[in-house]
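Comments concern the structure below.
Heads up: numbering here begins at 1 and tracks the sequence.
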Amino acid sequence: MQPTIRVLPDEDLPAAWQLGRLTFGSDPQAPPSTAPLAGRTSYGAYDRGGTLVGKAVDLHDEQWWSGATVPAASVAGVAVAPEARGTGVARSLLRALLHGAHERGAAVSTLFATTTGPYRALGWEVTGELRTLDLPTVALPRHPRPAHLTVRAGTPADLPATTGLYERLARHRNGLLTRTHPRFHLGEDLPYDGLTLVEHGDTLVGYAGWNRGRGYGPEAVLTVEDLLAGTAEAARTLVGVLASWHSVAPTLRLTPLPGDAVSAQLPLELARQHEHDTWMHRPVDVVRAVETRGWPAHVRGQVTFALTDDLAEWNTGTWQLAVADGRAQLRRSDTEADLHLTVRGFARLYTATGTARTLAEAGLLHHTTPDPGALDLLAAGPPAQALDYF
């Protein structure tokens, strides 16, 4: 018997917290409040006796895609009671979540998977990873500090400037969260033990938010929660400040943004992986996904393809994609398509983490034309990236 799926009522939030605690091995100490939070929709699955046996959360996020914001459904907290696993509860939950996300206007969906198989069966595909690395602090390079840059400790009053720098650096990438969701709203206190700022005049050009951890012996770790720089000089300066911790914190732990100014200064060949989180993507609505994002201004072209999506039937059909002048349109077509794309294949192309030929080799694209490369138009732009875990 299929479970009953509905938006989780407030009175069931404590039961949902308990289900999540048991599933993920969280602290048994209950949080101060399990009151509903803004910017999210929680779904519950109930057996015929009315017992909560599963839950999933849709975080109402936005992502940056080449200067444009794309409404997203960040899927979090998917948990199923052990007695109900393998009975279709997760599939029913995620189908309902996708339908709800579609109704509220979401275009894409992402999640971090503890196991990929069940999500692949529902159309999500692996499109990246979030890596937390450990580096020997003593190995960090230290450069002379440029005279025109100022380094100082930040205060809560500086947090809006850090948000502004993040937006300047993130908006022209693909896939990064806009951090406009209520969970990112900053309170009156620093969210870290310390905040180090690098400024050029009155302009913030780099910052590091860090937590000191415990002790000062060989096992001590300085965890950098947020580390961004807008120039190479600012990045070198920040890395030099972090290097100064070597005598009391032999290990620096951070989650770098691949290809950014800071990563270019780090001795990544010495890094050890501390954590690895698999990032998965899928379209909620292919038309919105294509038309709300930005596209490379130099890319022009058209391609027709067929798509099958068993979980979001509105995506199924034959489509013509047209890209020009930094924008794109996706329209239904009556033309017979030689390119047949799975929803997982769409996710790989959309995020520029695959090509038509590699998808054909993986069974995510079927074609009758000798060369499926025309569909690489959907993969125009830099690969999508993740920086924030949820």
query: V108, L349: one ILVMFWY side-chain cluster at the under-4.5 Å cut-off?
result: yes
Side-chain donor-acceptor contact under 3.5 Å, Y46 with D12: yes
query: Is a salt bridge present between D193 and R212, judged by a nitrogen-to-oxygen distance below 4.0 Å?
result: no
- prompt: What residues join V78 in its hydrophobic cluster, counting side-chain heavy atom gaps under 4.5 Å, either direct or through other members?
  reply: I5, V7, Y43, V53, V75, V80, V89, L93, L94, L97, L98, L111, Y119, L122, W124, V126, M280, V284, L311
task: In plain terms, say whether D310 and R95 are close enough for a salt bridge, that is, a side-chain N and a carboxylate O under 4.0 Å apart.
output: no
message: For the backbone of P372 and the side chain of T369, can you confirm whether one donor and one acceptor N or O come within less than 3.5 Å of each other?
response: no
field: Close side-chain approach of D338 and H367, heavy atoms under 4.5 Å
entry: no
statement: In short, ring pair (Phe, Tyr, Trp, His ring centres under 6.0 Å) pairs touching residues 134-171 with sequence neighbours left out are H148-H200
message: For the CG atom on D202, are there more than 12 heavy atoms of other groups (residues, nucleotides or ligands in this structure) within a distance under 6.0 Å?
response: no
query: Can you name the residues that form a ring-ring contact (aromatic ring centres under 6.0 Å, His included) with H366, not counting sequence neighbours?
result: none
message: I need the full list of ring pair (Phe, Tyr, Trp, His ring centres under 6.0 Å) pairs touching residues 329-363, with sequence neighbours left out, sorted by first then second residue.
response: W65-Y350, H281-Y350, F346-Y350
task: Please test R357 against D376 for salt bridge (Lys or Arg N to Asp or Glu O under 4.0 Å), starting from the C-alpha separation and ending with a verdict.
output: CA-CA 9 Å; R357 191 169 294 280; D376 286 340; over 6 Å; no
message: Walk me through whether N174 and Q385 qualify under side-chain hydrogen bond (donor to acceptor under 3.5 Å, both in side chains).
response: CA-CA 6 Å; N174 285 343; Q385 297 174 311; over 6 Å; no
query: How would you list, by chain and number, every residue that makes a ring-ring contact (aromatic ring centres under 6.0 Å, His included) with Y216, sequence neighbours excluded?
result: none
statement: Sorted by chain and number, sequence neighbours left out, ring-ring contact (aromatic ring centres under 6.0 Å, His included) with W245 holds for W210
- prompt: Looking at CZ of R168 and OG1 of T163, how far apart are the two atoms once the value is rounded to the nearest 0.5 Å?
  reply: 10.5 Å
- prompt: Which value, rounded to the nearest 0.5 Å, describes the distance between L364 atom CG and E125 atom CD?
  reply: 6.0 Å
query: Mind checking whether L133 and P256 have side chains closer than 4.5 Å, heavy atoms only?
result: yes
- prompt: Considering residues at least two apart in sequence or located in another chain, which fulfil the salt bridge (charged side-chain N to carboxylate O under 4.0 Å, His left out) criterion with E199?
  reply: R152
field: Approximate separation, where rounding is to 0.5 Å, of L228 CG and L238 CG
entry: 9.0 Å
message: According to side chain to side chain donor-acceptor pair (under 3.5 Å), who are the partners of E219, at least two apart in sequence or on a separate chain?
response: none
Pairs involving residues 100-110, ordered by first then second residue, that meet salt bridge (Lys or Arg N to Asp or Glu O under 4.0 Å) (sequence neighbours left out): D58-R104
Under 3.5 Å: donor-acceptor pair, side chain of D134, backbone of R272: no
message: Salt bridge check, E275 against R131: does any charged N sit closer than 4.0 Å to a carboxylate O?
response: no
- line: d(L339 CG, L378 CG) to nearest 0.5 Å is 11.0 Å
From CA spacing to verdict: side-chain hydrogen bond (donor to acceptor under 3.5 Å, both in side chains), T335, T304: CA-CA 8 Å; T335 304; T304 300; 5.3 Å; no
query: Who are the salt bridge (charged side-chain N to carboxylate O under 4.0 Å, His left out) partners of R173, not counting sequence neighbours?
result: none
query: Going by an N to O cut-off under 4.0 Å, is there a salt bridge joining R282 and D309?
result: yes
field: Pair R331-E291, salt bridge (Lys or Arg N to Asp or Glu O under 4.0 Å): steps then yes or no
entry: CA-CA 10 Å; R331 296 289 183 265; E291 297 186 357; 2.4 Å; yes
query: Which value, rounded to the nearest 0.5 Å, describes the distance between T150 atom OG1 and L197 atom CG?
result: 10.5 Å
field: Residue pairs passing the salt bridge (Lys or Arg N to Asp or Glu O under 4.0 Å) test where at least one lies in residues 62-75, sequence neighbours excluded
entry: none
- prompt: Hey, does Y207 have a side-chain heavy atom less than 4.5 Å from the side chain of D226?
  reply: yes
message: Test of understanding: with ring-ring contact (aromatic ring centres under 6.0 Å, His included), list the residues that count as partners of H102, not counting sequence neighbours.
response: W314
side-chain contact (heavy atoms from CB on, under 4.5 Å) assessment of L227 paired with L242: CA-CA 10 Å; L227 178 63; L242 295 173; 4.1 Å; yes
- prompt: Between R179 and D388, is the closest basic N to carboxylate O distance under 4.0 Å?
  reply: yes
statement: dist R183:CZ -> H60:NE2 (nearest 0.5 Å) comes out at 11.0 Å
task: Start with the C-alpha gap between W64 and V70, add the side-chain angles, then the distance that decides, and say whether side-chain contact (heavy atoms from CB on, under 4.5 Å) holds.
output: CA-CA 6 Å; W64 287 113; V70 174; over 6 Å; no
- request: Spell out, as yes or no, whether a donor-acceptor pair under 3.5 Å connects the side chain of T358 to the backbone of G354.
  value: no
message: With no hydrogens and no angle check, just 3.5 Å: does a side-chain donor-acceptor pair link T255 and T132?
response: yes
- request: Please determine, by modelled atom types, if R348 and T353 share a side-chain donor-acceptor pair under 3.5 angstrom.
  value: yes
